[in-house]
Amino acid sequence: MKRISRNGICFISSFDISHSCSAITTRAYSSCHTNKSVSTNGLKINFDNVRCLYDAVTLFHQMIGTQPLPSVLCFCQLFKTLLTMKHYSAVVSLFREMQKLGIPINYFILSILINSYCLMHRADFGFSVLPIYLKNGIPFNVVTFNTLIRGFFAENKVKDAVDLFKKLVRENICEPNEVMYAIVMNGLSKRGHTQKSFSLLRLMEQGNTKPDIKNYSIVIDALCKDGNLHAAINLLNEMKQKSIHPDIVTYSSLIDGMCRLGQWEKVTSLFAEMVNHNIYPNVRTFNIMIDGLCKEGKVEDAEEVMKHMVGKSVEPDRVTYNAIMDGYCLRGQLDRARRIFDMMIDKCIEPNIICYNILINGHCKKKKLTEAMQFFREISQKGLNPNIVTYNTILQGMFEVGRIGGAKKIYVEMLSAGPIPDLYTYRTLLNGYFKYGLVEEAMSLFHKLERTREDIDIAFYNVVINGLCKNGKLDEAHAIFEKLSSIGLLPDLRAYTVMINGFCLEGLLDEAKDMLRKMEDNNCFPNNVTYNVIVQGFLRCNKINEMINFMKEMAGRGFSFDATTAGFLVNVIRENPSVLDMIPELHLKNKK
DNA sequence: TTAGGGTTAG
């Protein structure tokens, strides 16, 4: 959070952006824009011929060498071309050259400059473009701020994004349009703040800028992702009443929500409704269904859907094949997955990094590290780069089979040449170190990260607390647990469960029970895992009566023993068969 | 001309 403040908020508050935003008047465009080609002072420019960075830079130099200079619109077209080609740093350097030479610029070029910085994940640099507007007397445009807000979200600087939005509204710097609302709502929704996004929609309904189909669809999608299908359908009906008709995207979000809940009948009826309104599913709609089926293990059904879409002249794409491959991997059918892989290549669809990650993960889960590593090496041979997910998957796989040395080697390789480690990486490393008793290594990494990273979340601390508990360092674990609230993190269900398990492992059952009550007092309610952890604690200490009492409490809350607890119970019964008589329900089952 | 919604991997 500290870093966010440095780059964003302080900057926002220290810089006066009250230079108000004005509407851009439409003007006649020169041939430079409309035909993508222009002839100026003997220099014939055709932007369609600009195919690579070299072409663009060469053209730029030709342009600045022409007297008089080509119009600013030609420079706009060139910058747009660079942006489309994703040459963001080139946009920055050519802009600097223009500034040095005193070539006139306009709002469009500045927008592209800001967007380039944002797409390079440097929204702070994008922000520092604002004074250039002032210096050149160019009024701010709503697009300027929309781009910046989106940039902050892209870097997960939610507070900066929202603060900027609020400042614009509060100080009347810029009247937010539907797009601005959509950017803020989407940014919030994608980061778990569905309710805030929903509130903004309600705010729009009461204000001047009425929500459009995109604003509604964003909230509907967020509700569906949260599993709140009921609220999503209510909102769908609301928008229909306002004559805002759902489109393919709205329907696809709803279908996704239904698939996630396994409500296949509803999927079928919504599908029919869509087609009834002459809205036909596209490849993304089919992919959503295919993915939903695969995640439920219904890969054969997914393949049927794929055949169906082909019959409807909708061609499966890379996402389709990847989803089906993952479906087979999840079921451990690696051969099938590799078939699908070959089929994809036969169809001239080049595998991407996600495809390799799916295969690597599938093989790692089956402990087939040799094959996983073959795919890993194939990535670079295919001219692709392993990403953070690739490395994390391999790391996890290495630790899973106990190849600590291999895991460390991969980590070093990643640090020297690969992507920047994320919290997943560190969680995997710490889990691995703790699993193999390398407590000192784990703690030294933990302390280093605590000092250097500002994005450490509760899940990260849970790994450390769990690791310490499992390695007999209950006091250290408990100290960290107690420290959580002082660093602004609330213990979640997992944190409590991990701590309860720590107490149980040491036979401190009273402390475990106290913690259980404490979590409920804090409105964090135990789940099946929490109860099973406690029952295992009782069984470990042969506290059968207490275990039976707890069992009743569990049953009352609709929870039951998991496989691990059942295993424990069988062992206890083996050693002391009389226990069986104390558990009538179980006795009946075991009579078989 | 620049900014907004739905699909695949840890």
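Lettering follows sequence order; numbering is per chain, from 1. Because the structure is predicted, anything quoted here is derived from the model rather than measured. Side-chain atoms are counted along with the backbone in the values below, which use heavy atoms only and exclude waters and symmetry mates.
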If I take atom [atom1] in residue [X] and atom [atom2] in nucleotide [N], what distance separates them, rounded to the nearest angstrom?
| X | N | atom1 | atom2 | answer |
| --- | --- | --- | --- | --- |
| A/E296 | B/dT8 | CD | C1' | 17 Å |
| A/M306 | B/dT7 | CE | P | 20 Å |
| A/L148 | B/dG4 | CG | P | 13 Å |
| A/L293 | B/dT7 | CG | C1' | 13 Å |
| A/L201 | B/dG4 | CG | C1' | 14 Å |
| A/F108 | B/dA3 | CZ | C1' | 11 Å |

I want to verify a distance call: between [options], whose nearest atom is closest to the [X] side chain?
| X | options | value |
| --- | --- | --- |
| A/D256 | B/dT7, B/dG4, B/dG5 | B/dT7 |
| A/V319 | B/dA3, B/dT8, B/dG5 | B/dT8 |
| A/N361 | B/dG6, B/dT8, B/dA9 | B/dA9 |
| A/V179 | B/dG4, B/dA9, B/dG5 | B/dG4 |

- Is the distance between the ring centroids of A/F140 and A/F145 under 6.0 Å? yes
So, [X] and [Y], do they make that salt bridge, N to O below 4.0 Å?
| X | Y | answer |
| --- | --- | --- |
| A/D256 | A/R260 | yes |
| A/E303 | A/R339 | no |
| A/E300 | A/R331 | yes |

Look at the side-chain N and O atoms of [X] and state whether any lies under 4.0 Å from the OP1 or OP2 oxygen of [N].
| X | N | value |
| --- | --- | --- |
| A/K295 | B/dA9 | yes |
| A/K225 | B/dT7 | yes |
| A/N186 | B/dG5 | yes |
| A/R318 | B/dT8 | no |
| A/K190 | B/dG6 | yes |

- Can you say whether the rings of A/Y426 and A/Y411 are parallel (under 30°), tilted (30 to 60°) or perpendicular (over 60°)? perpendicular
With no angle test and no hydrogens, is the base of [N] tied to the side chain of [X] by a donor-acceptor pair under 3.5 Å?
| X | N | answer |
| --- | --- | --- |
| A/S253 | B/dG5 | no |
| A/N282 | B/dG6 | yes |
| A/N115 | B/dA3 | no |
| A/N177 | B/dA3 | yes |
| A/D212 | B/dG4 | yes |
| A/N215 | B/dG5 | no |
| A/T285 | B/dG6 | yes |

Touch class at under 4.0 angstrom, heavy-atom based, for [X] against every strand present:
| X | result |
| --- | --- |
| A/L359 | nothing |
| A/I218 | sugar-phosphate |
| A/I213 | base |

- Task: Determine the minimum heavy-atom distance between A/R191 and A/V158, stating which atoms define it.
- Result: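 Heavy atoms only, the tightest pair is CD-CG2, 3.3 Å.
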